Asker: 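Have a look at this one before I ask anything.
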Number of protein chains: 2
Amino acid sequence: MTVSEENYIKVIYHLSLVSPKGINTNAIAGMIDTKASSVTDMLKKLSDKELVSYQKYQGVTLTEKGFYLAKMIVRKHRLWEVFLVNKLHFTWDEVHEIAEELEHIQSEKLMNRLDEFLGFPAFDPHGDPIPNKNGEMVTIDKILLSEADLNLEYVCVGVKNSSVEFLQYLDKQKISLGSNIKVLSKEEFDASLTIELNLKTLTISHKIAENLFIKIQ
Amino acid sequence: MTVSEENYIKVIYHLSLVSPKGINTNAIAGMIDTKASSVTDMLKKLSDKELVSYQKYQGVTLTEKGFYLAKMIVRKHRLWEVFLVNKLHFTWDEVHEIAEELEHIQSEKLMNRLDEFLGFPAFDPHGDPIPNKNGEMVTIDKILLSEADLNLEYVCVGVKNSSVEFLQYLDKQKISLGSNIKVLSKEEFDASLTIELNLKTLTISHKIAENLFIKIQ
DNA sequence: ATAAATATTTAGTTTTGTCTAAAAATATTT
DNA sequence: AAATATTTTTAGACAAAACTAAATATTTAT
């Protein structure tokens with residue numbers, strides 16, 4: 001597997017989680033920052049390797065083999081992120097770019113040893129689940145903060161958007177994984193929320209609320 | 001810098017340490033397992049980037065810039081090896097191949113953090129010195145076991161050959177970095193040595209002796 | 001010092017992953 | 001349902017890094 005092939009597999013995987021039908025050529029091109037024609041070329045190659053099922057003009061889906069491979073790449077990415085944050089004290093907004101490189105290192109033994117070294121973490125620093133060596137991962141009943149009921153006790157468990165800007169905004173507001181959140185009120189006009197965060201009151205926009213995952217209790 | 005360019009720079013660096021004059025095209029080809037014509041192509045490219053000084057037919061030397069870059073690649077390789085052995089419990093014969101991949105990860109901050117995490121090690125698991133962030137590294141007065149004087153107390157400080165076969169041979173004989181070695185006698189016919197190793201007597205061939213670094217005391 | 005052997009470079013080709021421009025298929029609008 | 005718009009694919013080209021085969025330098029041997 002080349003780095004390029006792995007990046008396509010990974011992008012198809014992430015798109016598949018959002019829309020479970022065939023993934024469009026253009027959607028892939030948008031994520032990888034390449035042209036649709038290049039995507040078509042690569043889909044043929046991945047299809048020859050039986051990593052995707054591809055019918056001309058009908059989009060693409062991962063095969064069993066491709067799906068497992070994608071999860072192994074995601075596993076590597078997220079384990080490296082945990083390493084960078086927990087062991088090397090990087091902040092959660094610094095690790096994505098480095099992990100994008102590290103996820104292509106080819107050694108299953110390395111990842112299993114790293115997994116053990118880190119204590120078999122179930123989630124990465126952004127709250128995303130880490131597949132184990134068999135590709136299995138835990139699922140939690142998380143919802144977006146924008147969908148929260150008023151006056152219930154929630155806890156922040158993840159971010160939908162992992163951009164540097166968003167993560168640094170959360171740091172500034174002292175919002176982190178594990179923060180306790182209660183929605184006190186919702187503004188009709190702009191859907192902004194007034195929330196209680198770790199005993200302090202704070203107003204956040206709808207755009208922030210729809211990028212934060214929470215769960216009850 | 002591409003992975004390929006970095007591999008050329010690294011090989012030229014290692015060859016330079018052995019023979020300090022211009023490095024031959026063929027010597028590079030032999031180390032990289034490629035053809036001389038491919039080397040010529042790459043030398044032109046590296047010369048354009050001012051990483052090497054290259055005169056047709058006259059061999060190549062690293063520029064200041066290329067030399068520093070080479071040391072940073074070596075630094076990465078050796079720090080990752082320390083990580084793999086000290087933190088993930090790999091054996092010294094398993095780490096070279098993985099480090100060959102990891103050495104191309106591009107993040108100075110990552111390496112400086114890893115360096116700190118490992119306690120700023122001065123040597124890798126094979127006894128090779130690790131350049132610091134400025135490219136400086138310690139030198140020790142090491143000699144080959146094949147050049148040792150009789151009946152002096154030496155300590156094993158490194159291996160010249162890091163092949164899996166050699167390292168596993170050393171494991172089998174319980175020879176490791178830090179082992180105490182005294183040469184009891186040398187056979188005229190084949191230059192084999194009878195040595196005292198950690199209080200036991202052992203016979204080793206000349207080929208082994210000329211791949212083990214030792215120092216006095 | 002010339003001939004033979006070796007080393008290096010040049011020229012032209014291949015593969016991978018990309019691109020542009022044009023053609024073809026599908027989707028949307030009227 | 002036809003016309004228009006959008007999406008996707010094809011065809012042909014390019015750059016990087018390798019290759020082969022031929023040409024040219026350099027080194028070694030006679």
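Convention: sequence-line order gives letters A, B, ...; per-chain numbering from 1. Everything numeric here is computed off the predicted structure, so don't read it as measured data.
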Asker: Around atom CD of A:E147, are there more than 12 heavy atoms from other residues, nucleotides or ligands closer than 6.0 Å?
Answerer: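 Yes, CD of A:E147 has more than 12 neighbouring heavy atoms, counting only those of other groups under 6.0 Å.
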Asker: Tell me, please, whether A:F83 has B:K87 positioned over its six-membered ring: NZ or CZ under 6.0 Å from the ring centre and within 45 degrees of its axis?
Answerer: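 So B:K87 doesn't make the cation-pi contact.
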Asker: B:T25 has a side chain; which of D:dT20, C:dT8, C:dT18 sits nearest to it?
Answerer: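 Ranking D:dT20, C:dT8, C:dT18 by closest atom to the B:T25 side chain puts C:dT8 first.
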Asker: Nearest whole angstrom, please: distance from the P of C:dT8 to the OH of B:Y54.
Answerer: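 That distance rounds to 9 Å.
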Asker: Taking only side-chain N and O atoms of A:Y57, does any of them lie within less than 4.0 angstrom of OP1 or OP2 on D:dT6?
Answerer: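 Answer is no, no contact under 4.0 Å.
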Asker: Please determine if a side-chain N or O atom of B:T34 lies less than 4.0 Å away from the OP1 or OP2 oxygen of D:dC19.
Answerer: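 Result: yes.
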Asker: Under 4.0 Å between a side-chain nitrogen and a carboxylate oxygen: does that hold for A:K10 and A:E100?
Answerer: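 Here A:K10 pairs with A:E100 in a salt bridge, since their nearest N and O are under 4.0 Å apart.
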Asker: Between A:Q58 (side chain) and A:G22 (backbone), is there a donor-acceptor pair under 3.5 Å?
Answerer: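 No: the side chain of A:Q58 does not pair with the backbone of A:G22.
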Asker: Regarding A:N24, tell me which of base, sugar-phosphate or nothing describes its non-hydrogen contacts under 4.0 Å with the strands shown.
Answerer: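 The residue A:N24 makes sugar-phosphate contact but no base contact.
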Asker: Can you work out whether A:T2 or A:Q58 has the more 5'-proximal nearest nucleotide on DNA chain C?
Answerer: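 With A:T2 and A:Q58 compared, the 5'-side residue is A:T2.
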Asker: Could you give the CD-to-P distance, from B:Q55 to C:dA7, as a whole number of Å?
Answerer: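 Rounded to the whole Å, the gap is 21 Å.
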Asker: What is the distance, rounded to the nearest whole Å, between atom CE of A:M42 and atom C1' of D:dT9?
Answerer: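 Between C1' of D:dT9 and CE of A:M42: 16 Å.
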Asker: Have a look at B:S37 and say if it touches a base, only the backbone sugar-phosphate, or nothing, with a 4.0 Å heavy-atom cut-off.
Answerer: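 If one applies the 4.0 Å heavy-atom cut-off, B:S37 turns out to touch a base.
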Asker: Hey, does A:T40 reach any base, or is it just sugar-phosphate, or nothing, if we go heavy atoms under 4.0 Å?
Answerer: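 Answer is base: heavy atoms of A:T40 come under 4.0 Å of a base.
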Asker: OH of B:Y8 versus C1' of D:dA16: gap in Å, rounded?
Answerer: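 My rounded result for the distance is 12 Å.
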Asker: Atom CD1 of B:I32 and atom P of D:dC19: how far apart are they, to the nearest Å?
Answerer: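 Answer to the nearest Å: 10 Å.
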Asker: Between C:dT15 atom C1' and A:D41 atom CG, what is the distance in whole Å?
Answerer: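 It works out to 13 Å between those atoms.
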Asker: Partner lookup for C:dA3, please. Criteria are Watson-Crick or G-U wobble with both distances under 3.5 angstrom; report none if nothing qualifies.
Answerer: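 WC or wobble partner is D:dT28.
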Asker: Would you please confirm or rule out a distance under 4.0 Å between OP1 or OP2 of C:dC19 and any side-chain N or O of A:S38?
Answerer: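 It does, given that an N or O in the side chain of A:S38 lies less than 4.0 Å from OP1 or OP2 of C:dC19.
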Asker: Look through every strand shown and name the nucleotide pairing with C:dT29 as Watson-Crick or G-U wobble, where both distances are under 3.5 Å.
Answerer: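 Per the H-bond distance test, D:dA2.
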Asker: Answer yes or no: does a side-chain N or O of B:K56 lie under 4.0 Å from OP1 or OP2 of C:dT10?
Answerer: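 Yes, within the criterion.
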Asker: Hey, does the side chain of A:K35 come within less than 4.0 Å of C:dT18's phosphate (OP1/OP2), counting only N and O?
Answerer: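 The answer is no; no side-chain N or O of A:K35 sits under 4.0 Å from OP1 or OP2.
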Asker: Which whole-number value in Å describes the distance from A:K44 NZ to C:dT16 P?
Answerer: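 These atoms are roughly 14 Å apart.
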Asker: For A:N134 and A:R75, test the side chains for any donor-to-acceptor distance below 3.5 angstrom and give the result as yes or no.
Answerer: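 Their side chains do not contain a donor-acceptor pair, so the 3.5 Å distance test is not met.
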Asker: Quick one: A:N26 CG to D:dT7 C1', roughly how many Å, whole number?
Answerer: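 Result: 6 Å.
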